[in-house]
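Right, one structure below, let's go through it.
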Amino acid sequence: MTKVYFTNVTSIGPMAPTFYADKMIILFKSDAPDELKEFCIVHEKNELNGDVLVGDTFKIGENEYKVTAVGSAVNQNLGALGHITIRFDGSTEADLPGMLCLEDKDIKEIFEGETLEIVR
């Protein structure tokens with residue numbers, strides 16, 4: 001198994017869980033503007049070791065989700081800013097360049113200190 005991406009959640013913006021009902025989360029590194037942090041899952045480390053591809057597995061702690069679509073700017077944005085929008089709706093085409101789509105499964109609550117990984 002190859003680790004494509006790795007980070008740890010450092011904080012959860014107070015508004016971030018409100019997006020769970022829409023099957024969406026927003027990731028951003030800790031240097032995000034303060035006005036955006038309140039809506040984001042914030043992380044510090046941003047280890048990208050290759051391009052994210054359809055068929056990869058996105059792991060949130062012990063929960064696993066298959067990648068179904070990768071927007072054209074996901075790899076660039078993830079590597080440079082640690083910023084992407086993630087949809088848990090099974091879409092096979094991303095609506096936005098910075099969107100990563102995962103299989104249609106419920107989002108489990110995300111906690112500070114939790115590991116986020118993409119593996120192949």
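Treat the numbers as computed from the prediction; the structure is a model and nothing was measured. All heavy atoms count here, side chains included; hydrogens, waters and symmetry mates do not.
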Between L48 and V4, is a side chain to side chain contact (heavy atoms under 4.5 Å, CB included) present by the stated rule, with each step listed? CA-CA 6 Å; L48 182 62; V4 177; 4.3 Å; yes
With distance as the sole test, does [X] use its side chain to make a donor-acceptor pair with the main-chain N or O of [Y] at under 3.5 Å?
| X | Y | value |
| --- | --- | --- |
| K29 | L78 | no |
| R87 | D22 | yes |
| T115 | G61 | no |
| E117 | K59 | no |
| T7 | L116 | no |
| H43 | G82 | yes |
| Q76 | A73 | no |
| D56 | I118 | no |

Could you identify which residues cluster with F39, counting Ile, Leu, Val, Met, Phe, Trp and Tyr as linked when any side-chain heavy atoms lie under 4.5 Å apart, either directly or through a chain of such contacts? M15, F19, M24, I26
Inter-residue atom distance [X].[atom1] - [Y].[atom2], 0.5 Å rounding:
| X | Y | atom1 | atom2 | answer |
| --- | --- | --- | --- | --- |
| C101 | K23 | SG | NZ | 12.5 Å |
| H83 | D31 | NE2 | CG | 11.5 Å |
| E64 | E103 | CD | CD | 9.0 Å |
| L100 | Y65 | CG | OH | 12.5 Å |
| D89 | T68 | CG | OG1 | 6.5 Å |

For residues I86 and L102, determine if any side-chain heavy atom of one lies less than 4.5 Å from a side-chain heavy atom of the other.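 Side-chain contact under 4.5 Å: yes.
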With a 4.5 Å heavy-atom cut-off, do V9 and I12 have their side chains touching? yes
For the CD atom on E62, are there more than 12 heavy atoms of other groups (residues, nucleotides or ligands in this structure) within a distance under 6.0 Å? no
Take atom NZ of K108 as the centre, draw a 6.0 Å sphere, and report whether it contains more than 12 heavy atoms from other residues, nucleotides or ligands.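 Atom NZ in K108 is not packed in, count stays at 12 or less.
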Applying a strict under-4.5 Å side-chain criterion to I, L, V, M, F, W and Y, I'd like to know whether [X] and [Y] cluster together.
| X | Y | answer |
| --- | --- | --- |
| F6 | I84 | no |
| M99 | V52 | no |
| I60 | V42 | no |
| L53 | F58 | no |
| Y20 | L27 | yes |

Could you walk me through whether S30 and E44 pass the side chain to side chain donor-acceptor pair (under 3.5 Å) test, one step at a time? CA-CA 5 Å; S30 59; E44 182 64 44; 2.5 Å; yes
For F88, the option from D106, I25, D104 that meets side-chain contact (heavy atoms from CB on, under 4.5 Å): I25
How far apart are the closest heavy atoms of S91 and A69, and which atoms are they?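 Answer, listing the atom of S91 first, then A69: O-CB, 3.5 Å.
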Show your working on side chain to side chain contact (heavy atoms under 4.5 Å, CB included) between V70 and N75 and close with a plain yes or no. CA-CA 8 Å; V70 181; N75 290 298; 4.1 Å; yes
Check against side chain to side chain donor-acceptor pair (under 3.5 Å), K66 and T57: CA-CA 5 Å; K66 285 289 180 198; T57 300; 2.9 Å; yes
